[in-house]
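Step one of this worksheet: look at the structure below.
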Amino acid sequence: MANFIVCLAHFCELHGPSSIICTQICTREEKDQYILPSTSKLQTCASCKLHLPGENANLTTSGDSGSQTMFISTQYPTSQSRFVALTKLIMKSLSVETSSDITKPMFFGGTVYGYCIHKIFKIKDPNARGSERKYSLMVISDEELDLVKNWNIVNLYLTEIISLIQKQVDLTVENNLKNPAESTGILDERYLRRAVVKPKSLLELTGDPQIFVKFHLWAVELLTDICK
């Protein structure tokens with residue numbers, strides 16, 4: 001079976017293209033090889049840090065009853081080769097492999113680092129440069145055919161996940177603008193064109209402290225469907 005990864009990446013204003021969360025499949029016997037120790041640290045800011053309940057470094061979900069399958073979400077893969085490959089694909093996704101029509105998925109890759117279907121999306125943030133932040137939602141595989149044959153399923157999930165995130169962000173922005181104090185702060189930021197970047201987590205932008213838990217569950221559903 002092909003090795004799949006579902007990844008949410010972000011073009012961080014401080015650290016450049018960065019992985020926020022990636023979900024992988026393994027067996028119960030392999031679980032310890034995929035788990036990140038709690039001491040694992042990357043140079044991150046609020047924008048590109050994975051915030052999990054209890055400051056955990058991992059989320060795990062078991063497959064169907066009787067199955068040996070495990071789904072594990074971490075900020076980055078524990079495997080050095082997968083980490084390097086994912087980093088290369090993220091950089092291409094957010095810096096090179098772009099399209100004028102970001103509503104459509106794109107495919108790229110090769111035998112060295114793997115193959116990727118991704119969609120770029122933007123969300124509102126009055127405190128960011130250009131008042132928006134740029135993300136990439138990616139499904140990666142080491143097998144080109146296994147990825148391409150699931151094109152329609154992958155595109156459906158990418159579109160739906162992005163829509164859910166954007167709707168939550170739009171609602172949070174709308175609610176903040178209804179607050180006079182918050183609105184004044186936003187206007188001050190726009191007019192003063194601050195010199196210091198203010199990183200914001202997707203938790204804050206969506207107003208949802210469980211957003212990464214939800215992403216993990218969405219990724220589990222996606223991987224379950226394409227691995228049937």
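Residue numbers count from 1 along this sequence.
Taking the side chain as every heavy atom from C-beta outward, Thr69 and Ile25 approach each other to under 4.5 Å. Counting heavy atoms from C-beta outward, Ile211 and Leu205 have side chains that stay 4.5 Å or more apart. The shortest distance between side-chain heavy atoms of Thr23 and Phe215 falls below 4.5 Å. Counting heavy atoms from C-beta on, the side chains of Ser95 and Phe11 come closer than 4.5 Å. Two residues are said to be in side-chain contact when any heavy atoms from C-beta on lie closer than 4.5 Å; Leu137 and Trp218 fail this criterion. A heavy-atom distance below 4.5 Å is not found between the side chains of Val154 and Pro105. You'll find the side chain of Ile120 reaches within 4.5 Å of the side chain of Ser93, heavy atoms only. Contact of the Phe4 side chain with the Asp146 side chain is registered, since non-hydrogen atoms from C-beta on lie closer than 4.5 Å.
Here the CG atom belonging to Asn56 is positioned 12.5 Å from the OG1 atom belonging to Thr74, to the nearest 0.5 angstrom. Considering SG of Cys22 and CD of Gln75, their distance stands at 8.5 Å, rounded to 0.5 Å. Between the NZ atom in Lys119 and the OG1 atom in Thr159 there is a gap of 3.0 Å [rounded to 0.5 Å]. Put simply, NE2 on His10 and SG on Cys45 are 6.5 Å apart, with the number rounded to the nearest 0.5 Å. Here the straight-line distance linking atom CG of Leu147 with atom CD1 of Ile117 works out to 4.0 Å at 0.5 Å rounding. A distance of 9.5 Å separates CG of Leu50 from CG of Leu8, quoted to the nearest 0.5 Å.
Scanning for side chain to side chain donor-acceptor pair (under 3.5 Å) contacts around Gln166 gives an empty result, with sequence neighbours left out. Residues passing the side-chain contact (heavy atoms from CB on, under 4.5 Å) test with Ser18 are Cys12, His15, Cys48, sequence neighbours excluded.
Ring orientation note: the planes of Phe212 and His51 are close to parallel, at an angle under 30° on the 30°/60° scale. Classified by interplanar angle (parallel below 30°, tilted 30° to 60°, perpendicular above 60°), the ring pair Tyr76/Phe83 is perpendicular.
Scanning all heavy atoms of the two residues, the minimum distance from Trp151 to Met106 falls at CH2-C, 4.4 Å. Residues Glu144 and Tyr115 share a closest heavy-atom pair of N-CD1, 3.6 Å. Listed here is the closest heavy atom pair of Arg133 and Lys200: NH2-N, 3.6 Å. Between Thr172 and Gly207 the shortest heavy-atom distance is OG1-N, 3.6 Å. Taking all atoms of both residues into account, the shortest heavy-atom contact from Leu52 to Ala57 is CD1-C, 3.8 Å.
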Hey, mind stepping through Glu55 and Lys49 against salt bridge (Lys or Arg N to Asp or Glu O under 4.0 Å) and telling me if it holds? CA-CA 11 Å; Glu55 294 300 315; Lys49 181 181 177 181; 3.7 Å; yes
Go through Gln33 and Ser79 one step at a time and tell me if the side-chain contact (heavy atoms from CB on, under 4.5 Å) criterion holds. CA-CA 8 Å; Gln33 302 173 33; Ser79 162; over 6 Å; no
Stepwise ring-ring contact (aromatic ring centres under 6.0 Å, His included) check, Phe71 with His216: CA-CA 9 Å; Phe71 302 89; His216 168 77; 7.7 Å; no
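Not a single donor-acceptor pair under 3.5 Å links the side chain of Asn3 to the backbone N or O of Asp142.
Leu86 and Tyr34 sit in two unconnected hydrophobic clusters of ILVMFWY residues. Membership requires side-chain heavy atoms under 4.5 Å apart, directly or through other members. One hydrophobic cluster, built from ILVMFWY side chains closer than 4.5 Å, cannot hold both Leu59 and Ile72; they sit in different ones. A single hydrophobic cluster is seen to contain both Val139 and Ile165, as judged by linkage of ILVMFWY side chains at heavy-atom distances under 4.5 Å, directly or through other members. Note on Val169 and Val213: same hydrophobic cluster, where clusters join Ile, Leu, Val, Met, Phe, Trp and Tyr whose side-chain heavy atoms are under 4.5 Å apart, directly or indirectly. Transitive grouping of hydrophobic side chains (ILVMFWY, heavy atoms separated by less than 4.5 Å) keeps Leu156 and Phe121 in distinct clusters.
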Contacts under 3.5 angstrom, residues 220-228 side chains, donor-acceptor by atom type, not counting sequence neighbours:
unit_1	atom_1	unit_2	atom_2	d
Thr224	OG1	Val220	O	2.7
Asp225	OD1	Lys228	NZ	3.2
Asp225	OD2	Tyr157	OH	2.5

